[in-house]
Structures are given as structure tokens and as C-alpha cells.
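Everything below concerns the one structure shown next.
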Amino acid sequence: MEAEKIIKALADKPLQKKEQNYLVDRENEISKLNMLTRYHPFGIFGLCGETGVGKTTILNMIDSEEIKKIRISLIHRENKESILYDLLYTISLNLSRVENHAIKNLAKEVLNWIIEEVAVIKGATLGVSMIAKGDAKYEKTQLPRFNVFAAHEKLHRLLKTSIEEYGKIALLIDELDKESKQDVLNVLDSLKFELQQESMVTIFSLPYSIYREYKQDRMKWNESGNLENIIKDVIFLYEMSDSDILELLLRRLEGMNGWFKKNALVQIVSFADGNPRDALWIAQKVAFENLSEKYVDESKCKTTIKKIVREYMGSLILTEIQKKALKLCTDFIGSKEEILALFQSSGIKRTTAYSTLDRLISSGLILEREGMYRISGKAKIFVSLI
């Protein structure tokens, strides 16, 4: 058994196009995004889904063909201004390497401007910090602020010049899905003038909460401030099926002499709840725990997963009613009305049933998928330990 080879195969990282053979059942979403970049005249679009479901991988798989593609991963996301500067800097850095001299020179000019701006802000901040430490009576000093108006103007000019040269451009912007729903909306709203130019398609990775709100707004009529005023459409990445997660693991572990027995992989699939990141994480944990073994079967996998669940969830404090409700859900899949009826039929009062369900959902112990509720794979193991 080659330990290094197995651990490497189970590493959780976004896939690149050369690793496309590891991708399972995402052809439909990739095809939709390819059509958006090629055929839609302009607009901001979203790629939504839960954390770890594969949004960055899907962005990596987009094939814009002859369209100029600019791939951006946001690093500085403290506020709207830092995101604007990060976006402007990354686009400028990307375009400073192209062959077209007009775009290259403009991009370098913008890069130098950003560096000077940031240097002034950082220098002033350092100066204020030193004054504050050296003088106990220090109260307030005016700090220079980012010139957001100039930054917006430069971003608009840079993108417009690129469109004039390339005919059409596709911006693929990752990492905004790490922010809260309101922060995301504020950022998109502040950038919509620059990003809604003709012949430019922008695709953001966005949090699951944006998709929920977008669906509601799309069905409303004549309401100001709705999300569809900013986003033209959303592609949603659903969680993977159990069979897809199993296929993903089998592809990763191909040629490794069946060290993971298939019945062990089934335990990992159950734990993952359709999330490939969770599947790879727990599979790697199981591998590390059993490196000295000749193989990992169902029994060894179960023992290891229980040990890990006890370690990570052992300090979770639940009331006796919450524990009772969780145990009732062990084999349950149904609507909200059905799960509340299940609680009440077992002696949990109506108002308590509602608050108990909310608590179990917020803790991630009960999952809601498209209006259907069920216990998570992790919670099912946790129930067996309490």
C-alpha cells in the first residue's frame, strides 16, 4: 500500500482542466456556463452552491474558446473598497501581460496607481499607529481614504478598452461566496455599472443564500431593489447523489489495489451528505488512522468515523428534548409539516417542536434540501453515541 499515493489522491483541492476525469456529473452545469459566456451579450451571473460542493472547480472548467477569459480569485474582502481594489489590481495584473500595447500600457498605469494608493494608506495607518502609541492624549487623526471614484473610473476604462480590443471578455470571479449575503449584495450593487458593459459576461461564485433570495425575487413583479436587477441568472450546484460521491471516490482511488474496500467507501458516502469536500476530508482522516493496516473494510471505517465524530461533536450540548427529536429523525425524510407532526406525536409540544427543529437545523444536524428534511450523516453517527 502506497500511503503517499492514497493521501494525495484524496486531497481536497479545486480540479484543473487536466484533471477533468475526476469530475463526476457536472457536465450540465459546465455546459450552461459555457453557453452563457459564448452567447449572452452581457451581464452578471452567479454560480451558487453550498461550501465545498465544487464551485471553484466548475469555474476552472469553463471553456470560453476565442473569448478573452480573465480568471480572478479575490483575496482582500474586508469591505467594498478593498474588493474593488483587489478586483482592479488582479485584472490589471492579468492584462499587463498581454501582447496588445495599448491594453498593456493602460494596465501597467493602473497597477502603479493602485500600488501608490495602497502605499499612502498603509503609510498613514502606520504613522497614526505610532502616534497613538507614543502619545497617550492622542484622540483622532484624519486618515486618507481610498479614492473609490477614481478606482471605479479606471476599472470601467480598463474593461471598456479590453472589450474594444478582444470583442468580448469573460470575467470569472471566485471567493465572493465566502461573504455574507448582504455584503455580497452590496458589492454586486456597487460594481454593476462597470460589470454590465456590452460584450462582457461576469460570473461570480456566490453563497447558497443568494440563490434562495434570487428564486424568490425572480417570481415577483415590479418590485424595486430586487436581486434580478443585478444578477441576470444563477446556475445552482446541487449536492451530489450518494452514487456520484461513491463514483468520485472510486475514480480517485483507481489502481490502488482496493485498499479501501467498497463497503468502507459506503460509510464515507453516508457521512458526506452529498458534499465532495466532506467525503474527501473524512476519507483522508480514515486513511491516516489506518495506514498500518493491510486494508480498510466497513468495520474499520465505522470505528474510525465514530472516533472522529466523538472528537468533533462530543462537546455539542443538546437538551433531552433535542436529543429525543434527533433520534426520532434517524430514518426520517419528509416535509416540514411531517417532521413537526412526528415530534408532536411523540409528546413534544407544538411550540417546542418548532424551536427544536430550528435549533437542529442551525446546528447542521437536520438538513433541508428543496423543502425536504432529514438527519445529516454526521448526526446519525452522533445519535448512536449519545
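As a basis for the values below, the full set of heavy atoms in this structure was taken, side chains included, without hydrogen atoms, waters or symmetry mates. All values derive from a computational prediction rather than experimental measurement.
- A heavy-atom distance below 4.5 Å is not found between the side chains of T303 and E289.
- Listed by first then second residue, pairs satisfying side-chain hydrogen bond (donor to acceptor under 3.5 Å, both in side chains) with a partner in residues 186-209 read H152-E194, D174-S205, D177-S205, Q182-N186, D189-K192, not counting sequence neighbours.
- No salt bridge links K32 with E29; every basic N to acidic carboxylate O contact stays at or beyond 4.0 Å.
- Of all heavy-atom pairs between C329 and I375, the closest is O-CG2, 3.4 Å.
- Closest of all the heavy-atom pairs between I75 and D86 is N-OD2, 2.6 Å.
- With R252 contributing its side chain and K8 its backbone, the two residues share no donor-acceptor pair below 3.5 Å.
- Transitive grouping of hydrophobic side chains (ILVMFWY, heavy atoms separated by less than 4.5 Å) brings I103 and L155 into a common cluster.
- Here the side chain of K55 pairs a donor or acceptor atom with the backbone of G49 at under 3.5 angstrom.
- Of the possible polar contacts, none joining the R310 side chain to the I305 backbone as a donor-acceptor pair under 3.5 Å is found.
- If you chain together hydrophobic residues whose side chains sit under 4.5 Å apart, L159 and F149 fall into the same group.
- A salt bridge between R157 and E153 is present, with a side-chain N of the basic residue lying under 4.0 Å from a carboxylate O of the acidic one.
- Counting only distance, with no hydrogens or angles, the side chain of T304 and the backbone of K300 share a donor-acceptor pair below 3.5 Å.
- When side chains are defined from C-beta on, L47 does not count as touching L206, because their heavy atoms never get closer than 4.5 Å.
- Side-chain atoms of Y214 come within 3.5 Å of backbone N or O of K232 as a donor-acceptor pair.
- Inter-residue side-chain proximity for F332 and E338 is flagged as met; some heavy-atom pair is nearer than 4.5 Å.
- Here E19 does not pair with R251 in a salt bridge; the nearest charged N to carboxylate O distance is not below 4.0 Å.
- For the residue pair M256 and I6, the shortest heavy atom distance occurs at SD-CG1, 3.4 Å.
- For the pair N147 and Y85, the minimum side-chain heavy-atom distance is below 4.5 Å.
- Not a single donor-acceptor pair under 3.5 Å links the side chain of Q16 to the backbone N or O of N60.
- A side-chain donor from one of D183 and S180 sits under 3.5 Å from a side-chain acceptor of the other.
- Side-chain contact between F45 and L33 is absent, with no heavy atoms from C-beta onward closer than 4.5 Å.
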Any chance you could lay out the salt bridge (charged side-chain N to carboxylate O under 4.0 Å, His left out) test for R369 and E50, step after step, and finish with the verdict?
-> CA-CA 11 Å; R369 301 271 170 82; E50 295 178 353; 3.4 Å; yes

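- Under a 3.5 Å cut-off, the side chain of Q322 and the backbone N or O of T319 do form a donor-acceptor pair.
- Taking all atoms of both residues into account, the shortest heavy-atom contact from Q344 to A353 is CG-CB, 4.2 Å.
- Side-chain atoms of S362 come within 3.5 Å of backbone N or O of R359 as a donor-acceptor pair.
- One N or O on the side chain of K324 and one on the backbone of S346 form a donor-acceptor pair closer than 3.5 Å.
- Checking L195, I230, I210 one by one against L188, the side-chain contact (heavy atoms from CB on, under 4.5 Å) holds for a single residue, I230.
- Listed by first and then second residue, the side-chain hydrogen bond (donor to acceptor under 3.5 Å, both in side chains) pairs that reach into residues 265-283 are D12-R277, Q267-E298, D273-R374, D273-K378, D278-K378, sequence neighbours excluded.
- Side-chain atoms of N28 and S31 include no donor-acceptor pair closer than 3.5 Å.
- Between Y89 and W113, the distance from one ring center to the other does not fall under 6.0 angstrom.
- Side-chain atoms of N94 never come within 3.5 Å of backbone atoms of T90 as a donor-acceptor pair (strictly under, hydrogens ignored).
- Aromatic ring pairs are classed by plane angle as parallel below 30°, tilted from 30° to 60° and perpendicular above 60°; the pair F236 and Y211 is parallel.
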